[in-house]
Amino acid sequence: MALKRQRLADRRRAVGHTQESLAEKLGVDRTTVVRWERAESDPQPWARPRLADALQVPLEKITELLEDIGEVNTRRTERLGHALRSPRAVDLATAAQLRDELDVLTLRYDSTPSTALLPNAVRLHADIALFRAHASAVEVRRALARVHATSLILLGQLVWDASQRRDRTTTVAYYEQATSAARQGDDLLQEAHARLRSGYVALYADRDPRRGLAQAAQATELAHRFGSHALAGLATLHVGEAHAMLGDRSACDRALGDAGRELGVTPETDPCRPLVAAAQFARVAGSCYLSLGDARKAETLLEAAMTQLSDRTKSRAITSGNLALARLRQREIDGAVVALHAGVDVVERTRAGGGMNVLFKVGRELRPWRGRVDVQEVTDRLFQLMAG
């Protein structure tokens, strides 16, 4: 069973901090706070006085909290149970715990089938909505609005992926509600994130690059206002993707350059760093050049992205599919089949909807070579995915 510094996490919640807000106050990355609470690492000596100040405890108490390590209790805490029985009792600590539960689901998104995450996400979303309806204190209502925006974005992602990118209506409705909740919580970050996600639907489902461009550009502006280089860089990457889909290479190149500069100056303390994977730039840039018809350059970028992606992530499935397309369009059939098998390996584990769509597209483009034994074998695996 996993270990956790439960009392350290409880104290953080008691003073109203999420892992993200505590990290921002201390000038560290959110994943650093996660590792402290999971007992995977210890705060450096220089950070301990600041941690004591943030948690409003004496310095010697920090040592006590760090030494108290136990097995993770999978049951929901007594505080949250009490709040569910008496919703008017919701406070900032409850909001912080709800945010923590959302973070756990979000961290599992890229490696876990969305259908497996949906029940807990729906249950958590219902709890947050209940608390929002009953909260009376202004600060608590604002905190819950921010958590609600996050839960709506996650639900949109899960529905989008579980439906293999078919249920655009429900997905867009969640993102629109997230935008509204973010505004009520004065949360520019989540508003930008919701608009960027809406842009993905426009790009990948509606095939409407102009609307996708507008959403990504608005997300970029909001991210700049918030002060997040990471989110601004991510949004600008998709501005470039929209330009690529429109066939405007010069505008795409400019956007990719701007995105690279934003991501290059992202500090460790940027709260949106977890949204940007190490392979993000190469993965999206490769997709851009694939759209622009430059398969050779796309292949180089996508191969670089593959070296940085875990074998078990949904992102790897999409990247494998695009790499297969880049090779296929250069008549590199052997390499295309290898990349396609790699993508199927991931989708069999994660059921990634976006990955399935790209892989099926590769399968359609492979039809002229179905007489080859290796193409027949990988096509059979695609049929099995369809049947599943």
Side-chain angles (χ1 to χ4, degrees), residues 160-166 168 200-209 212 238 240-249 252-253 256 279 282-309 311-388:
W160 178 237
D161 187 59
S163 68
Q164 296 182 34
R165 298 187 170 183
R166 293 191 182 110
R168 68 166 308 283
Y200 294 169
V201 177
L203 290 173
Y204 308 136
D206 302 335
R207 308 301 295 178
D208 186 347
H238 293 284
E241 190 167 26
H243 283 305
M245 292 172 71
L246 289 165
D248 190 339
R249 180 159 185 158
C252 174
D253 286 338
L256 293 179
R283 185 170 71 83
V284 178
S287 176
C288 288
Y289 290 111
L290 194 59
S291 293
L292 289 165
D294 190 340
R296 186 174 299 279
K297 186 164 187 175
E299 181 182 15
T300 300
L301 288 161
L302 293 165
E303 285 177 341
M306 289 288 285
T307 65
Q308 298 174 291
L309 286 167
D311 288 342
R312 301 185 64 87
T313 61
K314 295 172 184 175
S315 300
R316 187 178 178 90
I318 295 173
T319 307
S320 296
N322 281 334
L323 179 57
L325 285 172
R327 290 173 174 170
L328 181 57
R329 291 171 185 177
Q330 297 176 79
R331 297 298 188 266
E332 298 173 8
I333 310 305
D334 291 345
V337 169
V338 169
L340 186 52
H341 273 297
V344 174
D345 289 342
V346 178
V347 172
E348 285 176 343
R349 290 189 293 265
T350 65
R351 311 305 298 179
M356 285 189 192
N357 289 346
V358 178
L359 298 183
F360 293 156
K361 182 176 182 179
V362 180
R364 290 192 295 272
E365 293 196 18
L366 270 173
R367 284 174 183 165
W369 294 275
R370 280 190 180 171
R372 292 176 47 143
V373 174
D374 56 349
V375 173
Q376 289 176 359
E377 288 175 349
V378 77
T379 301
D380 287 344
R381 294 189 71 192
L382 288 174
F383 284 142
Q384 290 171 6
L385 279 183
M386 288 182 184

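Partners of Ser320 under the side-chain hydrogen bond (donor to acceptor under 3.5 Å, both in side chains) rule, at least two apart in sequence or in another chain, do not exist in this structure. For Arg381, the salt bridge (Lys or Arg N to Asp or Glu O under 4.0 Å) partners are Asp345, Glu348, not counting sequence neighbours. Every residue two or more places apart in sequence or in another chain was checked for a ring-ring contact (aromatic ring centres under 6.0 Å, His included) with His243, and none qualifies. Val358 is linked by a side-chain contact (heavy atoms from CB on, under 4.5 Å) to Ile318, Asn322, Leu325, counting only residues two or more places apart in sequence or in another chain. In this structure Arg283 satisfies the side-chain hydrogen bond (donor to acceptor under 3.5 Å, both in side chains) test with no other residue, sequence neighbours excluded. Take Glu332 and apply the salt bridge (Lys or Arg N to Asp or Glu O under 4.0 Å) test, not counting sequence neighbours, and it matches no residue. Legend: residues meeting side-chain contact (heavy atoms from CB on, under 4.5 Å) with Arg331, ordered by chain and number and at least two apart, are Trp369. Judged as a salt bridge (Lys or Arg N to Asp or Glu O under 4.0 Å), and not counting sequence neighbours, Glu377 has no contacts. Under the rule for a side-chain contact (heavy atoms from CB on, under 4.5 Å), the partners of Arg370 that lie at least two apart in sequence or sit in another chain are Arg367, Val375, Thr379. Residues meeting the salt bridge (Lys or Arg N to Asp or Glu O under 4.0 Å) test with Asp248, sequence neighbours left out: none. Residues satisfying the side-chain hydrogen bond (donor to acceptor under 3.5 Å, both in side chains) test with Asp374, not counting sequence neighbours, are Arg372.
Between Glu365 and Arg329, some side-chain heavy-atom pair lies under the 4.5 Å cut-off. Residues Gln384 and Val344 are not in side-chain contact: their nearest non-hydrogen atoms beyond the backbone lie 4.5 Å or more apart.
The heavy-atom pair separating Ala305 from Thr319 by the smallest distance is CB-CG2, 4.0 Å.
Remark: Thr350 OG1 to Asp161 CG distance equals 7.5 Å, nearest 0.5 Å. Here the CE atom belonging to Met356 is positioned 10.0 Å from the NZ atom belonging to Lys314, to the nearest 0.5 angstrom.
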Donor-acceptor pairs are to be reported for all side-chain atoms of residues 285-292 against protein atoms at under 3.5 Å, with residues two or more places apart or in another chain.
| unit_1 | atom_1 | unit_2 | atom_2 | d |
| --- | --- | --- | --- | --- |
| Ser287 | OG | Glu241 | OE2 | 3.0 |
| Tyr289 | OH | Asp253 | OD1 | 2.5 |
| Ser291 | OG | Ser287 | O | 3.3 |

